[in-house]
Amino acid sequence: FSVFFFFLMIRRPPRSTLFPYTTLFRSLRINFSSNPHDIVSVAVVFLQKDYGTVDRQSVVMDIGANIGTFSLFAAQCGASNVFAFEPNKEAFEILCKNIKINNFEDIIHPFNCAISDSIGQVCIPRNSSPYNKIVEQSDDTETVPADYDMVTADTVGNFMQKHGIN
């Protein structure tokens with residue numbers, strides 16, 4: 001019931017230049033992708049608190065950040081740094097917009113790449129979705145399925161070493 005009520009309360013306004021985003025809790029603003037399930041992510045993070053809470057001055061890694069719902073939540077909770085990784089181009093562009101409209105440029109650091117168990121290239125769906133995941137490739141990396149993109153992947157350890165994070 002609470003998720004349905006939440007959906008009714010903040011349902012997405014029509015896309016226009018006057019109302020390009022929805023205002024959430026404590027003046028937090030959020031743009032949505034073309035995927036209607038983005039609203040479910042907002043409910044899960046902000047209402048149900050399925051991802052828990054974030055302590056002030058925490059350093060957070062949001063792997064598969066999508067449009068930045070959890071990154072925004074972490075920044076709003078007082079995280080000192082949020083590293084947001086999103087390989088999908090559409091979702092990444094919206095993530096960057098969400099960071100900018102909430103003035104979190106000094107807290108949320110977006111990276112347009114995947115995080116995996118190895119460094120290289122991975123295949124991900126082209127359409128934005130909170131449910132996107134890396135697709136297993138055959139040995140022939142030249143063949144990319146239709147509606148998928150090859151993107152750069154890094155490991156958590158390598159990223160932390162490159163950026164001096166302990």
Side-chain angles (χ1 to χ4, degrees), residues 1-16 19-117 122 124-135 149 151-157 159-160 163 165:
F1 175 74
S2 64
V3 172
F4 178 71
F5 180 72
F6 180 74
F7 176 76
L8 291 175
M9 294 305 292
I10 69 157
R11 65 185 175 272
R12 185 178 352 177
R15 292 227 184 248
S16 73
F19 300 104
Y21 54 81
T22 296
T23 301
L24 296 177
F25 314 97
R26 294 186 241 154
S27 302
L28 186 73
R29 294 174 287 184
I30 190 163
N31 289 288
F32 294 98
S33 75
S34 60
N35 191 297
H37 291 194
D38 287 346
I39 195 77
V40 174
S41 295
V42 171
V44 164
V45 171
F46 284 93
L47 274 186
Q48 291 180 218
K49 300 203 187 293
D50 282 3
Y51 287 62
T53 59
V54 176
D55 293 334
R56 295 184 79 54
Q57 299 303 309
S58 293
V59 175
V60 175
M61 296 184 93
D62 187 0
I63 299 172
N66 193 29
I67 62 170
T69 304
F70 182 73
S71 294
L72 295 170
F73 176 76
Q76 191 177 51
C77 287
S80 61
N81 283 291
V82 179
F83 298 95
F85 303 92
E86 179 49 53
N88 178 276
K89 184 179 177 181
E90 178 189 1
F92 181 76
E93 289 171 358
I94 294 167
L95 164 66
C96 292
K97 286 180 186 178
N98 285 332
I99 294 167
K100 185 173 176 74
I101 64 171
N102 288 288
N103 298 314
F104 285 143
E105 295 96 338
D106 293 338
I107 299 169
I108 303 174
H109 313 285
F111 294 89
N112 189 205
C113 68
I115 294 295
S116 183
D117 59 353
V122 295
I124 61 141
R126 186 170 292 142
N127 295 325
S128 178
S129 170
Y131 313 114
N132 276 350
K133 61 182 181 179
I134 293 172
V135 176
D149 291 318
V151 297
T152 302
D154 202 350
T155 64
V156 170
F159 176 84
M160 291 175 68
H163 294 277
I165 301 169

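FYI, side chains are in, hydrogens and waters are out, and symmetry mates aren't considered; it's all heavy atoms of this structure. Residue numbers count from 1 along this sequence.
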Legend entry - Gln57 side chain to Ser80 backbone, donor-acceptor under 3.5 Å: no
Inset, instruction - Rounded to the nearest 0.5 Å, what's the gap from CG on Asn127 to CD on Glu90? Could you check? - result: 7.0 Å
Legend entry - Closest non-hydrogen atom pair between Leu95 and Gly68, with its separation: CD1-CA, 3.4 Å
Legend entry - Any donor-acceptor pair under 3.5 Å from Asp62 side chain to Ser71 backbone: yes
Inset, instruction - Indicate yes or no: at least one non-hydrogen side-chain atom of Ile94 is less than 4.5 angstrom from one of Ser128. - result: no
Inset, instruction - Could you tell me which non-hydrogen atom of Asn66 sits nearest to which non-hydrogen atom of Ser129, and how far apart they are? - result: OD1-O, 3.7 Å
Inset, instruction - Indicate the ring-plane relationship of Phe73 and Phe46, choosing parallel, tilted or perpendicular according to the 30° and 60° boundaries. - result: perpendicular
Legend entry - Reported NZ-to-CD1 distance for the pair Lys97 and Ile67, which is rounded to 0.5 angstrom: 11.5 Å
Inset, instruction - Quick one: pull up CD1 in Ile165 and CZ in Phe159 and give me the separation to the nearest 0.5 Å. - result: 4.5 Å
Inset, instruction - State, to 0.1 Å, how close His109 and Asn81 come at their nearest heavy-atom pair, and which atoms those are. - result: NE2-OD1, 2.7 Å
Legend entry - Separation of Thr69 OG1 from Ile30 CD1 (nearest 0.5 Å): 4.0 Å
Legend entry - Contact summary for Ala114 and Val151, nearest pair of heavy atoms: CB-CG2, 4.3 Å
Inset, instruction - Under the side-chain contact (heavy atoms from CB on, under 4.5 Å) rule, what do Asn98 and Ile108 come out as? Steps first, then yes or no, please. - result: CA-CA 10 Å; Asn98 285 332; Ile108 303 174; over 6 Å; no
Legend entry - Ser58 (side chain) donor-acceptor with Val60 (main chain) under 3.5 angstrom: no
Legend entry - Pairwise distance CD1(Ile115) to OG1(Thr155) - rounded to 0.5 angstrom: 7.0 Å
Inset, instruction - Kindly indicate whether the side chain of Asn35, heavy atoms from C-beta on, has any atom under 4.5 Å from the side chain of Pro130. - result: yes
Legend entry - Rounded distance [0.5 Å steps], CG in Asn88 versus CG in Asp149: 7.5 Å
Legend entry - CA sep, side-chain torsions, deciding dist, call: Asn132, Ile124, side-chain contact (heavy atoms from CB on, under 4.5 Å): CA-CA 7 Å; Asn132 276 350; Ile124 61 141; 5.5 Å; no
Inset, instruction - Take Phe104 and Leu28 through the test side-chain contact (heavy atoms from CB on, under 4.5 Å) and record every step on the way to the result. - result: CA-CA 11 Å; Phe104 285 143; Leu28 186 73; 3.9 Å; yes
Legend entry - Nearest atoms (heavy-atom pairs only) where Ala75 meets Val82: N-CG2, 4.3 Å
Legend entry - Partners meeting salt bridge (charged side-chain N to carboxylate O under 4.0 Å, His left out) with Asp55 (sequence neighbours left out): none
Inset, instruction - Spell out, as yes or no, whether a donor-acceptor pair under 3.5 Å connects the side chain of Arg56 to the backbone of Ala79. - result: no
Inset, instruction - Locate the shortest heavy-atom distance separating Val135 from Pro125; write the atom from each residue and the value. - result: CG2-CD, 4.4 Å
Legend entry - side-chain contact (heavy atoms from CB on, under 4.5 Å) assessment of Ser116 paired with Ile134: CA-CA 9 Å; Ser116 183; Ile134 293 172; 4.2 Å; yes
Inset, instruction - Taking the side chain as every heavy atom from C-beta outward, state whether Phe92 and Pro87 have any pair of such atoms under 4.5 Å apart. - result: no
